[in-house]
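No hydrogens, no waters, no symmetry mates; every other heavy atom, side chains included, goes into these values. Residue numbers count from 1 along this sequence.
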Amino acid sequence: MRELFLALIAGKFGYGYELKQALEQEFGELLPALNAGQIYSTLARLERDGLVVGQNVEGDSRRKRVYELTDAGRATLARWIETPVPGTWLKDEFFMKLVVVASAGLADPKTLIDGQRREYLQSLRDLDALLATNGKGVAAELLVEGAVLHAKADLDWLDLIEQRLTMREEPT
């Protein structure tokens, strides 16, 4: 979240409530609920780390602080923008569970695959419902559509796993 906050502050959102509003406007209900404590503790850490400078707004009884990026904050933001986000392809929890549980003989691999397939199909239904009711904007829509594509790819991958397991079980 810290880099998102840096980007929002660079985009002229200067205080905590504006950051919250900007994120909610872009992502709607898809974003985990942000409470004021999370926002202000993140801003305090950014300030402590020398990435932002906060100033109290004079005459504001709520002790509102406006934040701006420091040179270090701009450099951190630039590195974040320029650096691609790594994929997590080799850290699939289901696959690790499948391999370890199956090799230990603790469960039938096909049963695990069937359960995971049901989970992915339910996820697809939930995502389709989000698309139908969201109406929150392009960013939220694209996030959900990306999740749909990932879920479909995961279903294809389960089919491949099942096919390979079946091939190994067939007598030669």
Asks: Report yes if the side chains of Leu51 and Phe5 come closer than 4.5 Å at any heavy-atom pair, otherwise no.
Replies: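 A side-chain contact is absent here, since even the closest heavy-atom pair is not under 4.5 Å.
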
Asks: Under 4.5 Å between any side-chain heavy atoms of Trp80 and Leu6, yes or no?
Replies: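 No; the side chains remain at least 4.5 Å from each other.
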
Asks: Please name the pair of heavy atoms, one in Pro109 and one in Leu165, separated by the smallest distance, quoted to 0.1 Å.
Replies: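 Looks like CB-CD1, 3.8 Å.
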
Asks: So do Glu162 and Arg117 actually touch side chain to side chain, heavy atoms under 4.5 Å?
Replies: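 Yes - at least one pair of side-chain heavy atoms lies under 4.5 Å apart.
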
Asks: Is the backbone N or O of Val52 less than 3.5 Å from a side-chain atom of Glu47, with the two atoms forming a donor-acceptor pair by type?
Replies: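 No, the answer is negative, given that no donor and acceptor are paired below the 3.5 Å cut-off.
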
Asks: To the nearest 0.5 Å, how far apart are OH in Tyr40 and CG in Leu19?
Replies: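 Spacing of OH (Tyr40) from CG (Leu19) equals 8.0 Å.
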
Asks: Testing the basics here: between Val53 and Thr70, what is the closest heavy-atom pair and its distance to 0.1 Å?
Replies: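 Answer, listing the atom of Val53 first, then Thr70: CG2-CG2, 3.3 Å.
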
Asks: Would you call Met1 and Leu34 a side-chain contact if the rule is heavy atoms closer than 4.5 Å?
Replies: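 Answer yes - side chains close enough.
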
Asks: Indicate yes or no for a side-chain donor-acceptor contact from Thr42 to the backbone of Arg2 under 3.5 Å, with no hydrogens or angles considered.
Replies: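 No; judged by distance alone, with no hydrogens or angles, the pair does not exist.
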
Asks: Can you label the angle between the Phe94 ring and the Trp157 ring as parallel, tilted or perpendicular, going by 30° and 60°?
Replies: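 Because their plane-to-plane angle is over 60°, the rings of Phe94 and Trp157 count as perpendicular.
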
Asks: State, to 0.1 Å, how close Ala140 and Leu30 come at their nearest heavy-atom pair, and which atoms those are.
Replies: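 Answer, listing the atom of Ala140 first, then Leu30: O-CD1, 3.2 Å.
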
Asks: Linking I/L/V/M/F/W/Y whenever any side-chain heavy atoms sit under 4.5 Å apart, do Ile113 and Leu106 land together?
Replies: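 They do share one cluster, since a chain of ILVMFWY contacts under 4.5 Å joins Ile113 to Leu106.
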
Asks: Got a second to check how far Ser41's OG is from Asn35's CG, nearest 0.5 Å?
Replies: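 Reported to 0.5 Å precision, the distance equals 8.0 Å.
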
Asks: State which residues pass side-chain hydrogen bond (donor to acceptor under 3.5 Å, both in side chains) with Gln122; sequence neighbours excluded, sorted by chain then number.
Replies: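 Listed in chain order: Arg125, Asp126.
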
Asks: Any side-chain to backbone donor/acceptor pair from Glu24 onto Gln21? Under 3.5 Å, distance only.
Replies: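 Not at all, since once roles are kept as given, no pair shorter than 3.5 Å links the two residues.
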
Asks: Mind checking the OG-CD spacing from Ser123 to Gln116? Nearest 0.5 Å is all I need.
Replies: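 These two atoms lie 8.5 Å from each other.
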
Asks: Measure across Leu69 and Arg74 and return the closest heavy-atom pair with its distance rounded to 0.1 Å.
Replies: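 Closest approach of Leu69 to Arg74: O-NH1, 3.0 Å.
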
Asks: Could you walk me through whether Leu23 and Glu26 pass the side-chain contact (heavy atoms from CB on, under 4.5 Å) check?
Replies: CA-CA 5 Å; Leu23 288 170; Glu26 287 294 338; 5.9 Å; no

Asks: Please name the pair of heavy atoms, one in Val144 and one in Leu127, separated by the smallest distance, quoted to 0.1 Å.
Replies: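 Here Val144 and Leu127 meet closest at CG1-O, 3.5 Å.
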
Asks: Any pair with a residue in residues 146-157 that passes salt bridge (charged side-chain N to carboxylate O under 4.0 Å, His left out), sequence neighbours left out, goes on the list, sorted by first then second residue, please.
Replies: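 Found none.
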
Asks: Looking at CD of Glu145 and NE2 of His150, how far apart are the two atoms once the value is rounded to the nearest 0.5 Å?
Replies: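 The distance works out to 12.5 Å.
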
Asks: So do Lys64 and Asn56 actually touch side chain to side chain, heavy atoms under 4.5 Å?
Replies: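 Not in contact.
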
Asks: Minimum heavy-atom separation for Arg65 and Tyr15, please, with both atom names.
Replies: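 The pair with the smallest heavy-atom distance is O-CB, 3.0 Å.
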
Asks: Do Tyr120 and Leu158 pass the side-chain contact (heavy atoms from CB on, under 4.5 Å) test, and can you show the C-alpha distance, the side-chain angles, and the key distance before you say yes or no?
Replies: CA-CA 10 Å; Tyr120 290 155; Leu158 285 179; 3.4 Å; yes

Asks: Taking everything shown except Gln55 itself, do over 12 heavy atoms lie less than 6.0 Å from its CD?
Replies: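 No, not enclosed.
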
Asks: Is the shortest heavy-atom distance from the side chain of Ile9 to the side chain of Leu43 under 4.5 Å?
Replies: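 Answer yes - side chains close enough.
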
Asks: Quick one: hydrophobic cluster around Val57, which other residues, with the 4.5 Å side-chain cut-off, linked directly or via members?
Replies: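 Its cluster mates, by chain and number, are Val66.
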
Asks: How about Ile81 and Glu3: do any of their side-chain heavy atoms sit closer than 4.5 Å?
Replies: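 No; the side chains remain at least 4.5 Å from each other.
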
Asks: Would you indicate whether the side-chain heavy atoms of Leu112 and Lys97 approach each other to under 4.5 Å?
Replies: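 Side chain of Lys97 against side chain of Leu112, heavy atoms only: contact under 4.5 Å found.
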
